[in-house]
Amino acid sequence: MNVGIIGFGKTGKAVASVLLESKKTKLQWVVRRSRLLEHRSVPEFLGVESAEPGCIHSKEEFSADELFSRFPVDAVIDFSSESGLEYYGDAAADHGVTIVSAISNYQKTTLRRLHKLSKRTVVMHSPNITVGINFLLIAAKILKTIAPYTDIEVIEEHFKMKKEVSGTAKIIARTLGMEVESIKSVRAGGIIGVHEILFGFPYQTVRLKHESITREAFGNGILFAVENLKGKPKGFYSMEDLLLPYFKLQGSGSGWAEG
Ligand SMILES: NC(=O)C1=CN([C@@H]2O[C@H](COP(=O)(O)OP(=O)(O)OC[C@H]3O[C@@H](n4cnc5c(N)ncnc54)[C@H](OP(=O)(O)O)[C@@H]3O)[C@@H](O)[C@H]2O)C=CC1
Ligand SMILES: O=C(O)C1=N[C@H](C(=O)O)C[C@H](O)C1
């Protein structure tokens with residue numbers, strides 16, 4: 001699958017390195033805001049051998065329409081910023097390119113725009129693209145249904161410079177019917193991303209916790225997403241939509257009861 005990345009910052013670089021290693025994807029290009037490293041290649045920048053072009057472009061160099069025409073891809077992956085969609089959204093839909101947006105904090109208007117684009121192409125949005133956190137979110141919803149009386153706390157930890165409350169924590173809180181103002185945030189050092197959902201039962205505590213150890217974790221999530229979006233009809237998808245089919249366990253018995 002030919003892919004392009006919008007954004008070549010902290011996460012874009014890590015995701016690009018994972019995609020270069022994968023045989024499932026062929027990194028055609030990355031687009032960034034500035035002209036830094038323009039026309040260099042991602043393999044060269046990362047110092048890895050690769051037959052994949054991975055050319056670095058500035059958004060000033062081409063219109064997205066020209067980019068998709070000259071260097072066609074099957075999917076565009078967004079790790080830029082809120083404003084990235086403005087550059088590539090319409091052109092991606094015009095060219096039938098799948099959009100995988102990982103932007104964590106969209107304004108409502110931009111999210112509506114993303115939904116509108118899903119009428120014309122496959123769109124997936126995930127504020128946290130790791131399989132782990134999306135599994136946790138499904139588990140938390142099930143636990144809340146089983147025990148609606150528990151006290152719930154959402155705690156998120158990130159690197160010192162992250163200004164906003166994590167988009168992941170906001171989705172978790174909203175999904176569990178909590179106010180986003182109740183989210184506890186920790187900012188320290190270079191923490192990549194930790195999310196914990198604490199269920200306070202009367203005589204026990206359940207902690208559902210996920211930690212992104214390195215930003216390459218988001219690259220693994222992208223590989224899962226593009227693999228499972230293949231062949232999907234146009235529409236709007238979340239990581240949960242892609243994970244739920246795996247919740248049908250095959251085979252007999254749980255093994256637990258058999259001792
Ligand atoms: N869904 C998920 O799992 C995750 C989501 N994120 C989200 O990804 C986004 C990026 O995070 P991070 O890598 O830390 O941010 P950085 O600031 O490190 O990198 C942002 C990159 O995007 C580029 N960029 C910004 N705006 C535009 C634009 N309009 N068009 C093209 N390129 C643009 C910048 O270009 P330049 O370098 O030239 O300035 C830079 O390369 C954030 O929203 C973050 O919350 C992050 C991790 C995981
Ligand atoms: O900015 C980041 O780095 C991250 N942002 C996402 C968020 O805001 O939820 C996801 C991840 O925790 C890392």
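In listed order, ligands and their atoms are each counted from 1.
Under the 4.0 angstrom criterion for non-hydrogen atoms, Leu36 is not in contact with ligand 1. Contact analysis leaves Thr11 out of contact with ligand 2, as no non-hydrogen atom separation drops below 4.0 angstrom. Phe218 counts as a contact of ligand 1, since one of its heavy atoms falls under 4.0 Å from the ligand.
Closest to atom 9 (O) of ligand 2 among all protein heavy atoms lies Thr168 OG1, 2.5 Å. Closest to atom 10 (C) of ligand 2, if we only count protein heavy atoms, is Pro127 O, 3.4 Å. The protein atom (non-hydrogen) at minimum distance from atom 3 (O) of ligand 2 is Phe159 CE2, 3.3 Å. Scanning the protein for heavy atoms near atom 6 (C) of ligand 2, the closest one is Ser104 OG, 3.0 Å. Protein heavy atom closest to atom 1 (O) of ligand 2, with residue, atom name and distance, is Lys162 NZ, 2.8 Å.
Under the 30°/60° scheme for interplanar angles, the aromatic rings of Phe62 and His57 are found to stand perpendicular. Under the 30°/60° scheme for interplanar angles, the aromatic rings of Phe236 and His125 are found to be tilted. A tilted orientation is assigned to the rings of Phe218 and Phe79, their planes being inclined by 30° to 60°. Aromatic ring pairs are classed by plane angle as parallel below 30°, tilted from 30° to 60° and perpendicular above 60°; the pair Tyr246 and Phe224 is tilted.
Residues Glu156 and Lys184 are not in side-chain contact: their nearest non-hydrogen atoms beyond the backbone lie 4.5 Å or more apart. Side chains of Asp94 and Arg120 form a contact here, defined as non-hydrogen atoms less than 4.5 Å apart.
At least one N or O atom of Thr11 sits closer than 3.5 Å to an N or O atom of ligand 1. Close N/O approach between Lys59 and ligand 1 is not found [any backbone or side-chain N/O within under 3.5 Å]. Ligand 1 has an N or O atom lying under 3.5 Å from an N or O atom of Ile129, backbone or side chain. Note: no N/O pair closer than 3.5 Å links Tyr87 and ligand 1 by distance alone.
Atom CD of Glu179 sits in a sparse spot, with 12 or fewer heavy atoms from other residues, nucleotides or ligands closer than 6.0 Å. Atom CD of Glu240 is surrounded by more than 12 heavy atoms from other residues, nucleotides or ligands within 6.0 Å.
In summary, of the residues considered (Leu198, Ile133, Leu137, Leu136), a side chain to side chain contact (heavy atoms under 4.5 Å, CB included) with Leu208 occurs for Leu136 alone.
Residue His195 has at least one heavy-atom neighbour below 4.0 Å for each of these atoms of ligand 2: 12 (O). Of all the atoms in ligand 2, the ones that sit under 4.0 Å from a non-hydrogen atom of Asn128 are 10 (C), 11 (C), 12 (O).
Closest heavy-atom approach to atom 20 (C) of ligand 1 within the set Gly7, Ala64, Ser80: this belongs to Ser80.
Contact annotation for Glu164 and ligand 2: no heavy atom of the residue comes within less than 4.0 Å of the ligand. Looking at Pro127 against ligand 1, only its backbone comes within 4.0 Å, counting heavy atoms. Under 4.0 angstrom from ligand 2, the non-hydrogen atoms of His158 all belong to its side chain.
Taken together through direct or relayed side-chain contacts under 4.5 Å among Ile, Leu, Val, Met, Phe, Trp and Tyr, Val123 and Val76 form part of one hydrophobic cluster.
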>> Test ring pair (Phe, Tyr, Trp, His ring centres under 6.0 Å) on Phe199 and Tyr149; report intermediate values, then the result.
In response: CA-CA 10 Å; Phe199 288 83; Tyr149 50 84; over 10 Å; no
